[in-house]
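All values below were derived from every heavy atom in this structure, side-chain atoms included, with hydrogens, water molecules and symmetry-related copies excluded.
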Amino acid sequence: MSGLSEKNDADIFLAGEYDVVVVGAGHAGCEAALAAARLGVSTLLVTLSMDSVAMAPCNPSIGGPAKGVIVREIDAMGGAMAKITDQTQIQIRLLNTSKGAAVQALRAQIDKKAYQRAMLAYLQAQAGLDLKQGEVTDIITKDGAVAAVRLRTGAVYNCRRLVLTSGTYLKGNVIMGSCAYPSGPAGYPPASYLSDSLTSLGLKLGRFKTGTPARVNRNTLDFSRMSEQKGDGSGLHFSFTPPEVERPNISCWLTYTNAATHKVILDNMHRCPLYSGLIKGVGPRYCPSIEDKLRRFPNNPHHQLFLEPEGLDTNEYYVQGMSTSLPEDVQYAFMRTITGLENVKIIRPAYAIEYDFIYPTQLRRTLEVKTVPGLYTAGQINGTSGYEEAAGQGLYAGANAALSLLGRPPLLLSRDEAYLGVLIDDLVTKGVTEPYRMFTSLAEYRLLLRNDNADQRLLEKAYRLGLTDAAAYDCLQTKMSQVVEEKAFLQRATLHGDDPDLQELLSARQMPELVGGIRAWELLRRPGITYADVCALLKRNPASPEVAEQLDIETKYSGYIAKQQVQVNRFKQLEEKPLPEDADYLHIEGLSLESRQKLDAVRPDNLGQAGRITGVSPADIAVLLIWLRQKQEVAAKKENSK
């Protein structure tokens, strides 16, 4: 096995036995371990360093478009990320408020160190969960299935299920200019041996690259020359059961690059490892480095940058929008051309990092490796990016590892149920060619997958599985009962045209004068009229903000939601047509050669998933449908002939 060259057999010893071992204590690992332990199986979480538990090595924020909805989905399924964010956020905003409910999402700046401390306390309070510092070097199998892990010290932990959440640590290599050295993110050690163990198990690995901007000293920034970006104030929260804590509202600051900045970067492009060939891993197109931006958008006179605080007890500010792998002297040179950064001092220079990942088409929908029973993977090891995507996968994989041990049906989320369902389906069906990031545009049913209704979509399922408690379920039931009651009242209540307050409201909203009466519910359906407006006219105390939000959305979007539900029902007709596990796609006549190869590699569960595989055309699906019917007819004849 890999890593054994450093250990004598005499050093190897059995250190313990667990139902589930989780490797890596980043955002994916924390949620995986918590989910498994909540389901009642003994769980061990192994981390390279106890100081890096729940570390946010890149931006000091949680959420954003689509990603913020994932955080709420995690919360609805009993996860910790939303609660810890609410406890430690130092600014929070609701994004896209001028747009529709389908694209609105929360984003919070977090105090990074406070987040780590709070998550560590949360982990340590979870019954059935142990933490261990160490480097896992080998996966030990028996009869092809997971049996144990071996640490670099020689300690062996027997386990029945294993969840790998190794982030960007697998053979991590930090690159800055011509300087390159083995490292994990933020200066922590890399995982040097585990990749070899995965390869020995027959898994196909690739190489990705990501980068992180510099952290600069607050005392060297001139905020008077920048634009202030305030939060929305108190009252917003990610969790459906938020903690009762008062949080500060710390501003971020906006500035821009300029022609002088661009000249310094372009003059030093020959020192950029991205173009010199030193960096070979594929990076994310949606989050380009500053040097890549100048190559891709040469006509842009400037690029915006946000100065974001890393916490309440540090002077470090994160330069959002300026990822780079240029040498440190060049970073100083171009940063000091930017308004407000003329005297900047860098605390942590920007860098790129390359790392190994596994191609996710090797996974089942449960995130179990198809060829190694008992082995699950989650997070950036699956080719994704982002804290939120990682945490969601971690909860999903940890829950499924535990559920399989308990002999219970797996947690499976469809594309119309959750952004997590979209994310996992995309990974295992389409694979990745660059680090995957969740966008609203990737979800065809995004009007159903809103920021406000994650609890309605997922909480009952999580409760039935045992992932969340009765208190959270009762909270949801109470809210939905209030929505039903308030809706019934509004459908009964009548407003009259001779009401001067009503006519004044209509005039203020540039609506025609009302003649006669109107049901309160019908008035609420009008664009520009809110539930709060109607309550004021009725002299009625409004329901809670959560109930009000549901009523406003239901009245305005009910028609669109109904149309999307029709699409979902059509989609489910294909999803309900399972494909046999032993299907010989390479020999099905009528399929294109590319389709045969892709279907054989992915081995989809059903026709719906088959149709989403890149390279499989609608004509191929028609061939599969005919083949499936013929197969069923043959089976029926055999059954009748008995």
Side-chain angles (χ1 to χ4, degrees), residues 66 70 73 203-206 208 282 357-372 375-386 389-390 392-393 396-397 400 410-446 448-449 567-568 570-586 588 591-625 627-628:
I70 289 178
E73 291 175 352
L203 292 176
K204 183 183 178 184
L205 273 59
F208 273 165
V282 179
F357 73 97
I358 74 163
Y359 287 96
T361 49
Q362 299 170 100
L363 306 175
R364 303 183 189 279
R365 289 174 61 208
T366 57
L367 296 184
E368 183 180 22
V369 175
K370 294 174 182 176
T371 56
V372 187
L375 176 59
Y376 296 75
T377 60
Q380 286 181 274
I381 190 177
N382 288 344
T384 62
S385 69
E389 292 93 332
Q393 289 175 74
Y396 194 89
N400 279 323
L411 169 63
L412 295 174
L413 298 175
S414 63
R415 297 181 71 91
D416 64 289
E417 280 185 294
Y419 270 101
L420 272 176
V422 175
L423 165 64
I424 291 164
D425 185 66
D426 280 351
L427 290 178
V428 304
T429 304
K430 301 176 182 178
V432 293
T433 55
E434 64 177 316
Y436 180 101
R437 181 180 181 180
M438 193 73 247
F439 290 103
T440 54
S441 59
L442 296 175
E444 58 270 47
Y445 308 118
R446 54 188 171 273
L448 302 179
L449 311 180
Q567 295 173 341
V568 169
R570 290 175 183 164
F571 158 78
K572 284 186 174 178
Q573 292 176 5
L574 288 178
E575 298 292 306
E576 291 169 358
K577 296 185 184 299
L579 290 166
E581 290 186 10
D582 60 350
D584 185 4
Y585 295 109
L586 296 177
I588 296 178
L591 292 176
S592 68
L593 178 59
E594 181 184 12
S595 177
R596 294 182 191 192
Q597 294 172 341
K598 293 290 182 68
L599 288 165
D600 185 62
V602 176
R603 310 206 65 78
D605 292 339
N606 52 61
L607 276 178
Q609 187 184 7
R612 295 189 294 277
I613 299 173
T614 304
V616 177
S617 68
D620 293 320
I621 295 300
V623 170
L624 276 179
L625 188 57
W627 171 82
L628 195 58

Candidate pair Q393 and N382, rule side chain to side chain donor-acceptor pair (under 3.5 Å), full reasoning: CA-CA 9 Å; Q393 289 175 74; N382 288 344; 2.9 Å; yes

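- Q597 places no side-chain N or O within donor-acceptor distance of the main-chain N or O of E594, the cut-off being under 3.5 Å.
- Formation of a donor-acceptor pair under 3.5 Å by the E389 side chain with backbone atoms of L423 is not found in this model.
- Annotation: the span from T366 atom OG1 to Y376 atom OH amounts to 5.0 Å, rounded to 0.5 Å.
- You'll find the side chain of I70 reaches within 4.5 Å of the side chain of M438, heavy atoms only.
- For Q380, the side-chain contact (heavy atoms from CB on, under 4.5 Å) partners two or more places apart in sequence, or in a different chain, are T168, Y355, T384.
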Working for side chain to side chain contact (heavy atoms under 4.5 Å, CB included), residues N606 and K577: CA-CA 5 Å; N606 52 61; K577 296 185 184 299; 5.6 Å; no

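- Residue pairs that meet the ring-ring contact (aromatic ring centres under 6.0 Å, His included) test with at least one member in residues 598-623, sequence neighbours left out, do not exist here.
- Judged purely by atom type and a 3.5 angstrom limit, N400 uses its side chain to pair as donor or acceptor with the backbone of Y396.
- The side-chain heavy atoms of D620 and Y585, taken from C-beta on, include no pair separated by under 4.5 Å.
- V432 and G383 get closest at one heavy-atom pair: CG1-O, 4.0 Å.
- Partners of R596 according to the side-chain contact (heavy atoms from CB on, under 4.5 Å) rule, which considers only residues two or more places apart in sequence or in another chain, are L586, L591.
- Scored by the side-chain contact (heavy atoms from CB on, under 4.5 Å) test, V372 finds T141, V146, L201, V369, L375 as partners (sequence neighbours excluded).
- Residues that satisfy the ring pair (Phe, Tyr, Trp, His ring centres under 6.0 Å) test with F357, not counting sequence neighbours, are F208, Y359.
- Looking at every heavy atom in both residues, S595 comes nearest to V616 through OG-CG2, 3.8 Å.
- Residues forming a side-chain contact (heavy atoms from CB on, under 4.5 Å) with L574 (at least two apart in sequence, or on another chain): L607.
- Judged as a ring pair (Phe, Tyr, Trp, His ring centres under 6.0 Å), and not counting sequence neighbours, the contacts of Y445 are F571.
- Atom-to-atom distance recorded for I381:CD1 and L367:CG is 11.5 Å, nearest 0.5 angstrom.
- The two residues A610 and L579 make their nearest non-hydrogen contact at CB-CD1, 4.1 Å.
- Shown here are the side-chain hydrogen bond (donor to acceptor under 3.5 Å, both in side chains) partners of Q609, two or more places apart in sequence or in another chain: T429.
- Proximity of L203 to T371: side-chain heavy atoms (C-beta onward) are separated by under 4.5 Å at one or more points.
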Step-by-step salt bridge (Lys or Arg N to Asp or Glu O under 4.0 Å) determination, R364 to E581: CA-CA 12 Å; R364 303 183 189 279; E581 290 186 10; 5.3 Å; no

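- A heavy-atom distance below 4.5 Å is found between the side chains of I358 and T377.
- A search for salt bridge (Lys or Arg N to Asp or Glu O under 4.0 Å) contacts involving K572 returns D416, not counting sequence neighbours.
- Take R446 and apply the salt bridge (Lys or Arg N to Asp or Glu O under 4.0 Å) test, not counting sequence neighbours, and it matches no residue.
- In this structure, the side chains of I588 and L624 come closer than 4.5 Å at one or more pairs of heavy atoms.
- D426 pairs by the salt bridge (Lys or Arg N to Asp or Glu O under 4.0 Å) definition with R415, K430, not counting sequence neighbours.
- Contact annotation: the side chain of Y436 approaches that of L442 to within less than 4.5 Å [non-hydrogen atoms, C-beta and beyond].
- Q362 places a side-chain N or O within donor-acceptor distance of the main-chain N or O of K204, the cut-off being under 3.5 Å.
- A donor-acceptor distance shorter than 3.5 angstrom exists from the side chain of K598 to the backbone of T614, with no hydrogens or angles considered.
- Listed by chain and residue number, D605 satisfy the salt bridge (Lys or Arg N to Asp or Glu O under 4.0 Å) test with R365 (two or more places apart in sequence, or in another chain).
- Between E444 and R612 no salt bridge is recorded (no basic side-chain N to carboxylate O distance below 4.0 Å).
- In this structure, CG in L599 is found 8.0 Å from OG in S592, a value given to the nearest 0.5 Å.
- Between A418 and L413, the shortest heavy-atom distance links the atoms CB-CD1, 4.1 Å.
- Between P578 and L628 the shortest side-chain heavy-atom distance does not fall below 4.5 Å.
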